[in-house]
**Student:** 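Mind having a look at this structure? Questions to follow.
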Amino acid sequence: MYALQIAIALAVSMLIFSTLATMVVEIFYKVSHLRQFGLKKMLEAFYETEVKQRLQVMLAREGASVEKMPEFVEKVTSMTGDSSTLSTIEFIRRLADTEIGKRLAQRADSEVDDLIDDITDRYEDYGRKASQIFRRYSQIGNVLVSVIIALCLNLNAVTIFRTFQNNRELTQAIAGQAEQAMGAYQVQAALLKASAQKDASKNTAMDSDIEDLQGSVREFRKAVDEAKELGLPIGWSGDKFFNSEDIKKMGWIVWIL
């Protein structure tokens with residue numbers, strides 16, 4: 001029974017630390033505006049393949065001129081504000097305001113419907129591929145950030161496990177936090193999803209970014225403080241940022257692993 005409590009307590013600890021890593025990654029996304037950059041790169045790829053090589057070639061035969069890629073992407077994203085998402089319906093609506101969209105609208109109704117259906121399918125394909133790529137890089141980023149947090153806070157699985165073995169009260173207390181830890185993790189996941197789908201105007205985007213960033217930093221510090229208050233063996237001894245004595249106790253190889 002006690003072995004099960006140790007396993008649960010260790011799992012809760014890992015969940016707390018993974019939440020910390022997720023917070024750091026989200027802070028990086030907000031500072032770098034990486035999601036918005038990804039949306040523009042996806043639209044540029046869509047323009048090169050679908051607009052330039054298909055639609056523009058078709059319209060060029062009729063002597064129609066269309067805007068270049070920077071103008072096209074700017075028109076499509078001009079009203080997204082700080083949002084990193086652009087739904088299919090909204091994309092088609094904004095496509096209609098571009099020169100290419102206006103030229104397509106002049107064609108026969110049946111042909112326009114077929115073209116819109118085809119563009120819709122292709123746009124959704126590009127969106128799915130972009131999401132998969134972003135998710136893959138996010139997973140890699142989470143791993144790297146987790147390693148950095150583990151080093152900075154000296155989060156050692158062996159030390160934590162031994163602490164749980166020797167401290168029954170702490171183990172029971174941490175195991176009892178399983179539901180709360182899962183709730184906190186789910187809340188953080190919901191916040192990430194809401195942040196990714198946020199749509200703000202250009203006038204308020206900067207203020208909103210600053211407020212969100214400050215909130216993320218506060219939540220991160222709060223999570224670290226709460227983990228310490230629970231009694232988890234976090235940090236380097238002697239209130240140092242790095243203390244080699246902590247490593248010598250178990251050996252470099254074991255510590256690194």
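Position 1 is the first residue of the sequence; numbering continues from there.
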**Student:** What do you reckon, are the aromatic ring centroids of F91 and F46 less than 6.0 Å apart?
**Tutor:** yes

**Student:** Is the shortest distance from a Lys or Arg side-chain nitrogen in E26 or R35 to a carboxylate oxygen in the other one below 4.0 Å?
**Tutor:** yes

**Student:** When hydrophobic residues are tied together by side-chain contacts of less than 4.5 Å, even through go-betweens, does F28 share a cluster with F134?
**Tutor:** yes

**Student:** Could you tell me the separation between the CD1 atom of I133 and the CZ atom of R135, rounded to the nearest 0.5 Å?
**Tutor:** 11.0 Å

**Student:** Any chance CD1 of I253 has more than 12 other-residue heavy atoms, nucleotides or ligands included, within less than 6.0 Å?
**Tutor:** no

**Student:** Looking at N167 and T163, would you say the former's side chain and the latter's main chain have a donor-acceptor pair under 3.5 Å?
**Tutor:** no

**Student:** Show the nearest heavy-atom pair for residues L86 and Y123, with the distance to one decimal.
**Tutor:** O-OH, 2.6 Å

**Student:** Would E90 and R94 pass as an ion pair if we require N to O under 4.0 Å?
**Tutor:** yes

**Student:** Tell me, yes or no, whether the heavy-atom count around I140 atom CD1, taken from other residues, nucleotides or ligands under 6.0 Å, exceeds 12.
**Tutor:** yes

**Student:** Please say yes or no: joined through hydrophobic side-chain contacts below 4.5 Å, possibly via intermediate residues, are L43 and M69 part of one cluster?
**Tutor:** yes

**Student:** Start with the C-alpha gap between T49 and Y126, add the side-chain angles, then the distance that decides, and say whether side-chain contact (heavy atoms from CB on, under 4.5 Å) holds.
**Tutor:** CA-CA 10 Å; T49 304; Y126 272 80; 3.0 Å; yes

**Student:** Decide yes or no for K40 and T77: does some side-chain heavy atom of the first lie under 4.5 Å from some side-chain heavy atom of the second?
**Tutor:** yes

**Student:** Run the salt-bridge test on E71 and K68 with the 4.0 Å N-O cut-off and return the result as yes or no.
**Tutor:** no

**Student:** Could you give the distance from CH2 (W252) to OG (S244), rounded to the nearest 0.5 Å?
**Tutor:** 7.0 Å

**Student:** Between T171 (side chain only) and I6 (backbone N and O only), is there a donor and an acceptor less than 3.5 Å apart?
**Tutor:** no

**Student:** Indicate yes or no: at least one non-hydrogen side-chain atom of P70 is less than 4.5 angstrom from one of E74.
**Tutor:** no

**Student:** Mind checking the CZ-OG1 spacing from F17 to T22? Nearest 0.5 Å is all I need.
**Tutor:** 13.5 Å

**Student:** Minimum heavy-atom separation for M42 to A130, with atom names?
**Tutor:** CG-CB, 3.7 Å

**Student:** Please enumerate all residues that pass ring pair (Phe, Tyr, Trp, His ring centres under 6.0 Å) together with F72, with sequence neighbours excluded.
**Tutor:** Y47

**Student:** Would you kindly confirm whether I89 and L39 end up in one hydrophobic cluster when ILVMFWY residues are joined by side chain heavy atoms under 4.5 Å apart?
**Tutor:** no

**Student:** For E124 and T88, test the side chains for any donor-to-acceptor distance below 3.5 angstrom and give the result as yes or no.
**Tutor:** yes

**Student:** Show, in sequence, the C-alpha distance, side-chain angles and deciding distance for T120 and I116, and conclude whether the side-chain contact (heavy atoms from CB on, under 4.5 Å) test is met.
**Tutor:** CA-CA 6 Å; T120 297; I116 293 300; 4.0 Å; yes

**Student:** Shortest non-hydrogen contact from S138 to Y29?
**Tutor:** OG-OH, 2.5 Å

**Student:** Hydrophobic clustering (ILVMFWY, side-chain heavy atoms < 4.5 Å, transitive) - are F242 and V158 grouped together?
**Tutor:** yes

**Student:** Measure the spacing between CD1 of I256 and CG of N156 and express it to the nearest 0.5 Å.
**Tutor:** 11.0 Å

**Student:** Test side-chain contact (heavy atoms from CB on, under 4.5 Å) on V76 and V73; report intermediate values, then the result.
**Tutor:** CA-CA 5 Å; V76 173; V73 174; 5.8 Å; no

**Student:** Is there a path from L34 to L144 through hydrophobic residues (I, L, V, M, F, W, Y) whose side chains come within less than 4.5 Å of each other?
**Tutor:** no

**Student:** I8 versus Q5: any side-chain heavy-atom pair under 4.5 Å?
**Tutor:** no

**Student:** Let me have the donor-acceptor pairs involving side chains of residues 146-154, under 3.5 Å, with sequence neighbours excluded, atom names and distances please.
**Tutor:**
unit_1, atom_1, unit_2, atom_2, d
S146, OG, N142, O, 2.6
N154, OD1, W255, NE1, 3.3
N154, ND2, G235, O, 3.3

**Student:** Around atom NZ of K102, are there more than 12 heavy atoms from other residues, nucleotides or ligands closer than 6.0 Å?
**Tutor:** yes

